[in-house]
Structures are given as C-alpha cells and as structure tokens.
Amino acid sequence: MRLKCAKVTLCVALFGHNFAVAQYGRGGGDWLTDGADAQRSGWVKNDPHISVESVAAGAMQPLWKIKLNGAPTAPVVASRLITYKGFKDLLFVSTSGDNVVAIDHALGKVFWETHLPYDSLLVPVKNGTETCPAGMTAGLALAGPAAMVIPAPAPEVPRAPAPIPTLPRPKRIPAVVYALSSDGLIHTLNQHTGTDIGPAFRFIRGNAKAHDLISVGNQIYAVTSDHCGEVANGVWSINMDDTLVTEQRTGDASVLGLAFGVDSVFATTTEGIEALDAKTLKVTRQEPYGSGAGTSPLVFKFKDKEYVASGNLSGHIFLMDPVSLALLVNVPGKGAKLGSAFASWEDADSHARWLLTVKDGKVVAFKVVEQNGSVALEPGWTSRELVSPAAPIVVNGVVFALSSGSRTAGAVLYALDGATGKELWNSGKVMGSYSTTGISAGASKVYVGTHDGMLYAFGYLLNRE
Amino acid sequence: MLTLCFLLLLGADWLTDGGNPQRTSWQKDEKILNKDNVKNLKIVWKLQLDNEPKEMHSLFPPLITGNIAIVAGTGDNIYAIDVRTAKILWKKHFEYPTPKRRGRPTDPLCPAGLTATPVIQNGIIYALAGDGEIHSLKVADGEDVAPPFQFGYPYGKSYALNIWNDVLFTTTAQGCAGNPNQMWSVSLKDPTHKVMTYNPRSGGLWGRTGAAIDEDGVAWAPTGDGRYDPATQTYGNGLIGAKVIGNELKLQDYYIPKNWAWLQSRDLDMQVTPAIFKYKGRELMVAASKECRVYLLDTKAAGGDDHQTPLDRTPLICNEEVNFASAGIWGGMASWEDARGTRWILTPFWGPVHSDFKVPVSYGPVLHGAIVAFKLEEKNGKYKLVPAWMSRDMDQAEPPAIANGVVFAFGSGENTEQAYPDRGLDDNSPERIHDSTHAVFYALDAETGKELYSSGNQIKSFVHFGGLSVANGRVYLGTFDSILYCFGLEAK
C-alpha cells in the first residue's frame with residue numbers, strides 16, 4: 001500500500017514514530033527519549049547480549065569514552081541506520097553548548113557534530129546556576145525510520161540509448177532526531193548528517209529550563225520548570241504539521257516530568273499530578289497528593305490494566321488510576337527522599353512486574369502484586385547506598401544503578417540482578433567525574449555522561465577482529 | 001562452415017568467467033601481449049550490440065574459443081562474434097513468457113533477464129536464460145544441440161556458470177523473484193537433469209563469477225550476511241564448499257571469519273568468488289570480504305579444525321569508514337605464478353586505501369580503488385601474504401586478469417552508492433546510471449604494478465557486472481551501453 005503525505009514533518013511523525021511510542025510493548029533496543037519511551041519505563045525490554053547471566057559472567061566492559069564540547073544530556077539510541085557512509089549504530093547526545101553529536105556507538109567514533117546557532121532576540125544566558133543551567137537543557141528525542149512519499153510521475157523524456165527507468169519512485173525521507181536548542185527553537189535534524197531537514201520552529205521562549213522532550217504522533221512535547229529565563233512553567237507541545245504551539249502553564253509549580261498513557265498525558269509538578277488531553281493540553285483531572293510531587297510520572301501495565309506511578313517530596317510512592325487519578329496505593333515515605341524518576345519492567349519468565357526508584361540514596365524495588373483484588377506494592381530488594389543515585393534503568397532483567405558521585409568522587413555504574421538486587425558488576429573508577437546525565441541504554445550498551453563533558457559507554461564488546 | 005571450424009581451431013581460449021573453473025583469471029597461454037608491447041594497445045574494434053540493458057546490467061564477460069567471442073547480454077541474448085572482423089556470426093535470443101515474479105523496477109540488485117555468464121565445454125555453450133532454462137548451443141552456429149531444461153527460477157539472478165566433470169554450477173543471491181540464496185548444480189549426464197542444491201541459510205551467494213571449483217570437484221562460494229550457527233547448518237558471512245555426491249550437492253567444508261557477527265552487523269560480508277591455485281604442491285585459495293581483507297585458505301581444510309582459522313589473513317586494505325556500498329573488495333580474486341615460481345595474489349578494491357595499510361610500491365594517492373598484489377611466501381609451514389605493490393588509483397577497481405606478465409585491470413566508472421545523505425538507503429538504477437561515468441582499462445606490469453597503458457577517455461560508458469577476457473593478443477570488455485570493446489596491438 002502506498003501512502004501520501006502532505007508534509008515531510010507530518011510524514012516522519014506519522015510513519016516513523018508516533019503511535020508506536022505511545023503504545024506499550026514496543027520492545028527492541030532503542031532508547032527514544034528520556035526514560036526510554038513515552039511511558040518513561042526506563043526499560044530496554046530485549047537485548048541479545050545483556051542478561052543477568054551474561055553480566056554475571058563478565059559481559060559488561062568499559063568500551064569507550066568521548067570528550068564532548070559541554071556537559072552532555074542522556075543520549076538517545078537509534079536502531080541501525082543505513083547511511084551514505086555505511087551501516088551505523090548511532091546514539092545522539094546534546095550538550096549544554098547547543099551542540100548535537102552523533103556517535104557510532106559500536107566504534108566509539110563521532111559520526112557528525114553540529115552546532116545549533118542561537119537565534120533569538122533574548123540575550124543568551126552564559127552562566128547558569130544549579131537551578132537554572134545555561135544553554136541547552138533538554139535531551140534529544142528520536143523519531144522513527146524513513147517515511148515514504150510518492151512524488152508526481154516524472155515527465156516523459158526521450159528514450160536514451162540505454163534505457164533508464166522513469167517510473168515514479170518513492171521519495172525517501174531520512175530518519176530524524178529532534179533537538180530543542182537554548183533559543184527555544186525545535187530542530188528536525190537528519191540522522192545521517194545532522195543538518196536541519198527544514199526550518200527550525202519557535203517552540204518555547206529561549207533560555208528556559210526545558211526537559212522531557214518527546215515525539216508522539218505529529219506532536220513534540222516538552223516541559224519547563226523553575227521559571228528559568230523568565231519562561232513560564234508548563235507543558236508545551238508543537239504540532240509539526242502546522243507548527244502550532246500549545247501550552248498549559250502551571251503557575252509557580254515546576255513541571256517535573258511527562259508520561260503518556262493510552263488516553264492521557266500525565267504531568268507531575270511540584271504541586272501534584274495532572275492528567276492532560278494530549279492534543280489540547282487541557283487539564284482533565286488533577287490531584288495535589290500530599291506535599292507535592294517529587295518525581296516524574298511513570299505509566300505501566302499490570303494484568304492488562306494501566307497504572308500511573310509517582311512520588312512526593314515526603315517519600316510517598318503512589319499508584320493511581322489513570323482515568324480518575326484515584327489513589328490506589330500509597331506507600332508511606334517517612335520523609336525519605338525519592339529519586340527523580342521511576343523505572344518499571346516485567347520479568348519475561350515469571351511475569352512479575354517490578355517498580356523501581358531511588359529512596360534515601362538506595363535503589364528500591366517493589367513487586368507489583370494483587371492483594372484482595374486490589375493492586376499493591378510489595379517490598380522487594382534494596383541496593384547498597386549510592387552517592388546521589390540517578391534514576392535506575394533496566395536492560396533485559398538487569399538493573400543499572402548509577403552512583404552519580406560528587407565533586408570529589410567519580411560516578412560509578414552498578415549492574416544488579418533485577419529480581420534480587422544482587423550486585424553483578426560495577427564500573428569501578430573508570431569515570432573521573434560526577435554524572436549529571438543519568439543513564440540511558442541501547443544496543444547492548446549503557447551510557448553515562450559526566451560533568452567534565454565525557455560520555456562513557458559500558459557493555460558488550462562485539463569482536464571486530 | 002569450414003571457416004567457422006577454422007576459427008575454432010586457433011589460439012588460446014577463455015571458456016568460462018574468470019578464465020578457468022578455479023577462477024584465477026590467469027591466461028596462461030597468451031603469447032602475443034607482453035609487458036614490452038602493451039604500451040601500444042589500441043581499441044582494435046568496438047561493436048555496438050542490440051542487447052537491452054536491464055537495470056545496471058548489460059554485457060557479461062565474453063568467452064573466447066579460437067577466434068570466436070561468445071557474449072551474453074541481459075536481454076537474453078547470446079552473440080557469436082568473429083574477433084578478427086568484429087562481425088556477428090550469429091545471435092540467439094531466448095524467448096519465453098514474461099515471468100510472473102520479478103525484482104522491483106529500478107532495483108539494481110534484481111534485474112530481469114539473463115544474468116549468468118555462460119560456459120563453454122567441447123564446443124557447446126551452456127547458457128542460463130532469464131526464465132531459468134539451460135540452453136545447449138553449438139559454438140559454430142548457435143543451434144540447440146539438446147532441449148532446454150530447467151535449472152533455476154525465472155528472473156532468479158543466477159551468477160556465472162561453472163562446469164566440472166559435466167556438472168554445471170551456479171549460485172544465486174538477493175532472493176530475486178523469490179529465488180532462494182543457494183548453490184545449484186545439475187549433471188549434464190543425468191537425463192532427468194535433477195537440480196541439486198545446497199542452501200547455507202545465509203544471505204546471497206554473490207561472488208561475481210559464481211563458484212570456484214577445486215581439484216576434488218568441491219565448488220566454493222562466498223555466503224552473504226547471515227548468522228553462523230553450525231548446529232543449525234547456518235553458514236552466513238563465510239565461504240562454503242559443496243560437492244556433488246551421488247545425485248545430491250552436499251556441504252564438504254566451510255570457513256567463517258571469527259568476526260562474522262561484526263561483518264553481519266555492518267553488511268561487510270564475504271561475497272568475492274575465491275581463486276584456487278596450487279602452491280608447492282598444496283591447493284590453496286584466496287577469498288575476501290567487503291571488510292577489505294584477503295584470506296588464505298587450504299581447500300582441504302578451510303579454516304582448519306574450527307573452520308575459523310585461515311592460513312593467513314591480511315590487515316585491512318581499505319574501507320576504514322566501514323562502508324557497505326562503495327568500499328571494500330568486490331567481485332573476485334586473481335592469481336598467477338611467474339617464471340621464478342613466485343605465486344602472486346591480486347585483489348581489487350573500492351574506495352580509499354586504509355591509512356594503516358603498508359605496501360612497498362605504490363603509484364600516488366588511492367582514493368577510489370586500486371589493485372593490490374601480494375606475494376605468497378611460506379616459511380616453516382607458515383604462509384604469509386606479503387604486500388608487493390598497489391596500482392594507481394582506479395575509479396572502482398574491478399577484478400583483474402593476468403596474461404604473460406601483464407595485469408589487465410579496469411576501473412568500472414560505475415556509481416556504486418546505495419545510500420545518500422539526504423535520505424539514507426535508496427539503491428536505485430536510474431540515479432546510479434545517471435551518476436556513473438565511464439570505465440578506464442589499464443595494463444600494468446604484473447611484477448611492479450606500474451601502469452603500461454591506459455584507455456583514458458576512449459570507453460564511453462561504465463561497467464556493472466562485466467569483466468575482462470584475454471586471449472590471443474586481445475582483451476575484451478563490454479560496457480553498459482552494450483558496446484563490446486576489443487583491445488589489441490593492431491588497429492582495424
């Protein structure tokens with residue numbers, strides 16, 4: 001079947017990425033956005049080389065490190081791309097200096113690097129603060145593989161001595177990566193070259209603290225917080241077909257994160273949780289829950305029912321009904337400090353559903369269970385104490401936890417058995433600085449960026465010789 | 001008829017693609033051309049044939065028997081040409097109902113029509129038509145000497161035929177028109193013409209000149225991208241050897257590089273027809289990959305006990321960029337032995353030479369491709385491919401041929417890009433044809449690689465899946481525009 005598209009951007013969104021992202025069970029090895037997917041599961045479901053058994057047997061190795069021009073965000077990882085320079089396994093990472101870098105993660109070589117020029121009448125912020133860092137703050141978001149556009153038939157040409165077919169051929173659109181630069185423009189970059197495939201569009205006012213960039217359907221979403229750059233806190237989307245920007249301001253409440261369910265978008269703010277209409281961003285429901293949300297939301301399915309997880313500043317962990325936002329589970333926090341995000345995965349063999357987060361410097365795992373006909377969280381395991389741990393992620397049943405380190409101690413990556421929390425491997429003293437990126441993964445590798453501009457890859461080493 | 005018989009009695013032959021069943025591309029019987037006179041090479045004649053190119057394919061390497069050149073074209077044509085006069089002696093066009101399945105229009109990988117270079121044995125041409133039927137034609141007049149019989153799938157993209165003990169071999173690739181990727185054989189002695197196949201469960205077997213056959217009748221062919229799992233008889237990214245035993249084609253041996261998974265992940269498969277030769281009484285072969293290495297193997301135990309340990313393996317010659325399309329070694333290998341008993345191995349390659357590859361003799365920067373010559377050395381049972389020379393830059397160097405101390409080579413001028421910066425993978429014939437230039441034919445000193453002759457701009461079109469044939473003081477090359485060029489020492 002051949003399909004026609006009116007605009008490149010729409011086609012890319014429609015065919016490449018959209019609904020698949022918002023749906024569950026995508027699987028595969030891609031890491032498309034912060035938290036891996038639209039539900040922010042932090043879970044790479046399938047991986048051919050990373051498993052509890054292989055990691056215990058020594059599969060994890062430091063693979064490479066690359067010095068970037070600025071502090072990196074968490075990379076996004078694409079499926080294998082057939083480029084004009086060959087098959088490439090690419091990750092894309094942005095840095096605070098408005099740079100976007102594509103790295104062949106199998107080789108640890110930069111494939112392309114591009115700088116997004118500042119294009120705003122606002123004076124760029126040169127020196128940021130801990131709360132409001134300068135420069136590009138949002139990670140990148142990936143769209144999917146090439147879309148197809150059928151061009152008009154080519155005009156008849158006189159027959160050449162040698163026959164050259166003149167059939168209309170599908171025009172191919174490159175796979176793209178979305179980047180939100182510090183001037184507030186959304187760029188659609190060709191994954192093959194790093195060049196804009198069209199004009200960049202005004203999305204958010206410049207110098208904002210934007211994050212959680214994600215592409216769903218023909219919409220790109222992001223959130224803003226802390227009034228950085230005098231930009232309103234809120235949830236933002238831009239329709240990449242007509243470039244219409246929609247916003248839902250949240251007043252003084254900073255938005256912590258965004259996750260997609262089947263029917264709604266969920267945003268946690270410092271004042272609670274909101275369910276928004278994905279198209280209009282109108283708030284359909286909101287709940288203040290306790291002393292304000294402290295984590296990004298996560299959406300997962302357990303026994304075919306959808307749940308929303310979040311936590312608050314008092315360390316409570318909540319499970320909510322996605323339709324009513326009714327509180328279904330409230331795990332007391334006792335004033336504990338939660339991490340910035342959750343992760344969730346399902347054991348392929350036992351079908352046990354796990355929920356992970358950071359609590360008081362340790363990764364804690366809960367098993368999602370059914371008790372007396374209701375959903376409940378059963379305490380599972382707790383990791384060793386880590387220094388400012390980042391949100392954990394999961395690859396094929398292996399939990400990766402990051403001790404982010406400090407100004408005097410470098411970050412350390414840990415691999416834990418997802419079912420027991422048993423430590424399987426750690427990166428030792430490989431990383432020389434503390435991490436600000438968190439962890440992302442894909443294609444049998446785990447990536448960590450550090451404050452000194454280094455990006456590290458750990459994982460399975462394919463024999464190239 | 002007497003004249004035709006007389007023509008058949010003269011001189012050296014080139015009866016199969018690659019010159020012989022071992023695919024060495026070495027014309028041992030050349031007496032006219034030598035390194036002293038090839039500087040005087042000229043286009044003796046060129047002949048426009050009415051063959052219709054299909055996608056990027058057109059004319060396949062001519063077969064030479066006496067003073068007759070047999071040329072096959074994608075338009076399901078066989079031409080017999082008097083090489084002295086450039087007159088067409090006869091032409092055969094294979095007619096058949098249009099097959100129901102074919103490759104995607106504009107796809108260079110799956111052209112319709114005839115795709116296999118024929119083979120000649122005992123004055124009979126065996127030609128595989130686009131509908132998958134083998135035709136047995138007399139060289140003298142093109143008449144059928146036997147009814148056609150089915151050997152492959154219609155539009156199945158078979159590669160060059162080879163023949164050994166009255167058994168025809170071919171290989172298939174790219175799954176064109178639903179054709180499986182496998183090795184095929186059929187005995188001419190079998191009245192039922194039972195088709196015998198061996199399927200390595202890999203990507204295509206797309207060595208340009210099909211299978212090479214060793215002294216034991218084992219047919220060796222490279223296998224395209226795929227997994228290696230001997231437990232399931234899966235032999236991707238390697239080289240398989242199969243032999244007809246009884247009325248079946250059975251796997252005899254195989255070689256899989258230890259980094260096969262890497263090759264698979266980057267589409268760097270081994271897809272070069274090996275060259276088989278004797279060295280100090282031992283039969284060896286050389287194969288290569290798009291990764292851009294040459295492998296030396298023993299035909300009696302390819303890859304040793306674990307099937308993964310070659311006798312020698314060169315460092316990377318090219319393809320520093322790890323590209324699947326316009327870099328690496330493509331097509332076939334070549335080998336010859338000089339008067340002093342030195343065994344030479346020749347490989348073409350595409351793209352820039354690898355910055356780490358060291359060769360004692362070279363002729364300027366190589367950015368688009370070249371021929372590299374290795375000497376085979378043996379000390380205390382250890383074999384080594386020692387780089388000897390690298391030719392001048394050639395625009396997509398193709399497999400060479402050797403005759404009387406001269407290496408004949410050509411840059412195809414073909415645009416080999418399959419992916420583009422603005423859209424990624426988009427392999428299509430119209431764009432590649434448009435962006436192709438023209439072939440350049442060279443003669444090189446086989447011991448030094450020094451250029452002795454270049455055709456410059458005389459050839460007007462490019463070459464895709466064509467190749468060189470050498471016999472009786474003439475070198476032949478067909479181009480995309482269906483012109484057959486004959487180079488020799490005397491003008492017409």
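Hydrogens, waters and symmetry mates play no part in the numbers below; they use all other heavy atoms, side chains included. A note on names: the letters A, B, ... follow the listed sequences, proteins ahead of strands, and every chain is numbered from 1.
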Requested in this report: Specify whether Phe324(B) and Phe87(A) have parallel, tilted or perpendicular ring planes, treating 30° as the upper limit for parallel and 60° as the lower limit for perpendicular.
Outcome: perpendicular

Could you have a look at [options] and say which one has the most heavy-atom pairs with chain A under 4.5 angstrom?
{"options": "Asn323(B), Leu268(B), Asp267(B)", "value": "Asn323(B)"}
{"options": "Glu291(B), Gln418(B), Arg293(B)", "value": "Arg293(B)"}
{"options": "Ser461(B), Ala327(B), Ser265(B), Ala325(B)", "value": "Ser265(B)"}
{"options": "Arg266(B), Glu417(B), Arg313(B)", "value": "Arg266(B)"}

Quick check on the interface: out of [options], who has the most heavy-atom pairs with chain B under 4.5 Å?
{"options": "Asp104(A), Thr193(A), Thr83(A)", "result": "Asp104(A)"}
{"options": "Thr195(A), Leu81(A), Leu107(A)", "result": "Leu107(A)"}
{"options": "His192(A), Glu465(A), Arg464(A)", "result": "Arg464(A)"}

Query - Engaged part of Arg80(A) at the chain B interface, taking heavy atoms whose separation is under 4.5 Å - result: side chain

Report task. Counting only heavy atoms closer than 4.5 Å, note whether Lys88(A) contacts chain B via side chain, backbone, both or neither. Result -> both

Query - Atom group of Glu321(B) that falls short of 4.5 Å from chain A, counting heavy atoms - result: both

Query raised in the report: Relative to chain A, which segment of Ser482(B) carries a heavy atom at a distance below 4.5 Å: side chain, backbone, both, or neither?
Result: neither

Are [X] and [Y] close enough that some pair of their side-chain heavy atoms sits under 4.5 Å apart?
{"X": "Ile197(A)", "Y": "Val176(A)", "value": "yes"}
{"X": "Pro310(B)", "Y": "Tyr255(B)", "value": "yes"}
{"X": "Asp356(B)", "Y": "Lys358(B)", "value": "no"}

Requested in this report: List the steps and the verdict of side-chain contact (heavy atoms from CB on, under 4.5 Å) for Tyr447(A) and Leu91(A).
Outcome: CA-CA 10 Å; Tyr447(A) 310 97; Leu91(A) 66 79; 3.3 Å; yes

Query raised in the report: Can the ring centroids of Phe458(A) and Trp425(A) be said to lie less than 6.0 angstrom from one another?
Result: yes

Query raised in the report: Just checking, is any N or O donor in the side chain of Ser436(B) or Glu414(B) under 3.5 Å from an acceptor N or O on the other one?
Result: no

Query raised in the report: Between Ile459(B) and Tyr485(B), does a side-chain contact (heavy atoms from CB on, under 4.5 Å) hold up when you go through it step by step?
Result: CA-CA 8 Å; Ile459(B) 299 175; Tyr485(B) 289 84; 3.8 Å; yes

